Structure formats: structure tokens, C-alpha cells
Amino acid sequence: MLDKTQGEIVNQIVEVFKREFGSREGMIMVRTPGRVNLIGEHTDYNEGYVFPTTINRAVYIAIRPRSDRTCVFYSLNFQDTASWDLADIRRSDGPHWSNYLKGVMKVLGEAGVRFAGSEGVVFGDVPIASGLSSSAAIEVAVSFALDRAFGLGLDPVQAALLGQKAENAFVGVKCGIMDQFVCRLGRKGHALFLDCRSLAYENVPLRLAKHGLLIVDTKVKRELAQSAYNQRRAECEEAVRHFQAKAPAVKALRDVDPDMFARYREGLADVVGRRAAHVVSEDARVLEAVHALKADDLETVGRLFFESHRSLRDDYEVSAPELDFIVEAARASGASGARLTGAGFGGCAVVLARKGILDGLSQDIEVHYVRKFGKAPGIIALTDNFETDVVAS
Ligand code: GLA
């Protein structure tokens, strides 16, 4: 069952679909949530562990197959129509919303998946460019919409990998697999523990009991993010070469455990050593956090959040003054834990706190943030989370 706001969103999209395409005959609508990473940051492209969960904000696609090879889509967010021919898919200049649809259709076609043209409406309420994976959500929603509209029988893991491929090759962002994976395979009421090397995963019940989660959006545009992200990847590769020379079995930082790191660290340049220190310790924190959540030990999960933030701030150097401020404000207001989430350089922080203090804490953060930075943060209470599903037909 959809709640009232969800129902309103669906109804509005149906109305727009009828206005743009004449009737809703043959239309189906899918929904894919964005994600917040609980812990395991910058570990996915090091073949390590991540522990994200989906959120209660999503991308919706209402779609109807056509009998020709043309695609016509209307974006409700941008109030803009784009159309293309499946035989000749070209990237639009700049960060255009239609590139996500085109990119996924292109990689699906290249993977030998056959489908005809389609028409539809796209809408999302995942904040854009905030580190909550609006891109991965739209990529996953597109392949899921095509899957359901044309009965493609796509394997969900394959769909996640194709979404990542579209992002890497067509949109041009060198991301890891975490975002598309959790957007497609994450489950309601669960967080997803993923081994980014084997892609083995486990949906772990997100039993928060007396605790709650807040997402605090700094509203800082992540301008540096792209080049700094690629630079971090290159530094990790450099660290791998160093450890490989000492221990040939090392293929990725995933293979370096804290003991090996301590033994062979000498000789690494300071910056590269700190990057590796983050990744090695973060992988260990993910394993501990999964264990603690299963044991209903939310205070330990919180402590690991704070430690992860310190490591991301000092060793991986991907924080921002606004993120550090939110984490410290949360700590001062009694939160169990807080950390930046996603790539960093702006975007969002995730805060874990006991339910009894959650409202006051949220107000404190807002008041102090406005006083310090002159703008209000966006605050989302994670009271619920969604999974990729069909919401109307
Ligand atoms: C972005 C990328 C992910 C991951 C995170 C950092 O969200 O898309 O693949 O690398 O940054 O953990």
C-alpha cells in the first residue's frame, strides 16, 4: 500500500501521462528509491564492503511500449520532453536528464537485450546531486520499467551492473557498484550488506527499535567531487602497487588487512598511506557494524559512524566544513553517531540517534547550521524505506 503522499505522487504522474500521451491504457509505473550509505565509504571501487540502505525518496517512471523504435519521455521535474530513435542513441550535451534513459537503453541494446520504443513520464523526489543516488535510482528505474513493460526477464544483479556501465560509459562518471546495486536489490525494512568483489549480498533487517536515522543535506554543490573522486581512485591504485610488491596476492586494497597494513606501510608516500589507512579501516568497520546491527547494538553502530567520519575527514580528505559542522553539532546534541555519506565534498550526512532526542536534535542542527552558514539544511527523517517495485498499472 502506498501512503497518502505516495498516492498523490502516483496520481499526479498518471494525470501528466494522460495529458502528454492521450490515455493511460497500457501504462505501468515503477518506482526506484535513492539510497543512503550507512557505512563503507570509498570501499566499493577497492573491492571491499559496503552497507547502504534505500530511502523514502524515489524516481518514478510511467511507461508504455510503442510499436516503432521511437522513445518519447517527459520529465516532470524539468518540464521538458526528449525523444530519440533506438537505432541512433546519442548523448545530449551537458548533464541532461535524458542521458540516463538513453545510456541505459544503449547498454541494454549492446548487451543483446531486445525491446521496442516507448513513451512515458519521469519524476523524482530524490534531491539531485546531494549524494543520495538520484542517478543510480533513475538508471535502475529505467531498466526495471523496460523489464516490466517488455517482459525482458532481466536478472537484478545484471540490471545493477548495466546501470553502473551506463553511468561509467555514457554519463561519464567512474562510480563503483554500490549505488545501482542497493537501488535495485535493497529491500524495504532492510540494509544491504554487499561484498563488492564477489557481489555476494545479504539484506539485513534494519531494526532500529529505540533509534532513528536522519539524513541532513548540506545543500552544498559538490563541485570538486568528480576530479577528486578520480584522484582518490588513482591514489588507491598506487597503494595497491606498493602492497603488491610486498605481498603478490594483493589485487585490491580489500586484500590488505590492518596487520598487513601496519607491517608494510613504510615506504608509502604520506598521502597515499592515509588513503589506504582509511580504506583498510573502513572495511573493518563495515564488518563490525553489520555484526552490531544484527546484535541490536545501535550504540556501537553509532560509534563506528563517528570513527568513519574521522577517517574520511582526516585520512581520505573528502569532507567539507558543512559536513564536519553537522557531525559535531549532532555529537553535541547527544547523537549516537554521525558521518558524511556518499562521495563527500558536500552532499549529505547521516545521523543515528535515540528516538527520544531525534526531534530536538534535528531542530538544534537546523538552528545552528542556519546561524553558521546562512542557509537551511534539508532534513529527511528516514521513517520508512522503499524497494524497486511496480506502483501502478
Ligand atoms: C559515490 C559512488 C559510489 C561510491 C561512493 C563512495 O556514491 O557512486 O560508487 O564510490 O561515492 O563510497
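On a predicted model such as this, the values are computed, not experimentally measured, just so you know. Atoms considered below: every heavy atom in the structure, side chains included; atoms not considered: hydrogens, waters and symmetry mates. Both counts, for ligands and for their atoms, begin at 1 and track the order of listing.
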> Please state which protein non-hydrogen atom is closest to atom 5 (C) of ligand 1 and give its distance, to 0.1 Å?
Replying inline: Met178 CE, 3.9 Å
> If you count the atoms of ligand 1 from 1 in the order shown, which ones are under 4.0 Å from a heavy atom of Gly176?
Replying inline: 9 (O)
>> If the threshold is 4.0 Å, N to carboxylate O, is there a salt bridge linking Arg275 and Glu235?
In response: yes
> Does an N or O anywhere in Arg35 fall below 3.5 Å from an N or O of ligand 1?
Replying inline: yes
> Tyr45 heavy atoms, cut-off 4.0 Å: which ligand 1 atoms fall inside?
Replying inline: 10 (O)
> By number and element, which atoms of ligand 1 are closer than 4.0 Å to a non-hydrogen atom of Glu41?
Replying inline: 6 (C), 12 (O)
>> Test ring pair (Phe, Tyr, Trp, His ring centres under 6.0 Å) on Phe17 and Phe123; report intermediate values, then the result.
In response: CA-CA 11 Å; Phe17 189 96; Phe123 170 74; over 10 Å; no
> Of all the non-hydrogen atoms in the protein, which one sits nearest to atom 9 (O) of ligand 1, and at what distance?
Replying inline: Asp44 OD2, 2.5 Å
> side-chain contact (heavy atoms from CB on, under 4.5 Å) with Tyr49: which of Met178, Arg285, Arg254?
Replying inline: Arg254
>> I'd like to check which ligand 1 atoms, numbered from 1 as shown, lie under 4.0 Å from a non-hydrogen atom of Cys175.
In response: 2 (C), 8 (O), 9 (O)
> Does the ring pair (Phe, Tyr, Trp, His ring centres under 6.0 Å) test come out yes or no for Phe373 and Phe325, once each step is laid out?
Replying inline: CA-CA 10 Å; Phe373 298 106; Phe325 185 86; 5.4 Å; yes
> Among pairs that include at least one residue of residues 339-354, which meet salt bridge (Lys or Arg N to Asp or Glu O under 4.0 Å), considering only residues two or more places apart or in two chains?
Replying inline: Glu41-Arg339, Glu282-Arg339
> Of the protein's non-hydrogen atoms, which lies at the shortest distance from atom 8 (O) of ligand 1, and what is that distance?
Replying inline: Asp179 OD2, 2.7 Å
>> Checking Tyr201 against Phe193 for the ring pair (Phe, Tyr, Trp, His ring centres under 6.0 Å) test, could you report, in this order, the C-alpha distance in whole Å, the side-chain angles of both residues, the deciding distance, and whether it holds?
In response: CA-CA 6 Å; Tyr201 66 96; Phe193 171 41; over 10 Å; no
> Mind checking whether Tyr229 has an N or O less than 3.5 Å away from an N or O of ligand 1?
Replying inline: yes
> Which residue pairs satisfy the salt bridge (Lys or Arg N to Asp or Glu O under 4.0 Å) criterion with at least one member in residues 116-128, sequence neighbours excluded?
Replying inline: Arg64-Glu119, Arg66-Glu119
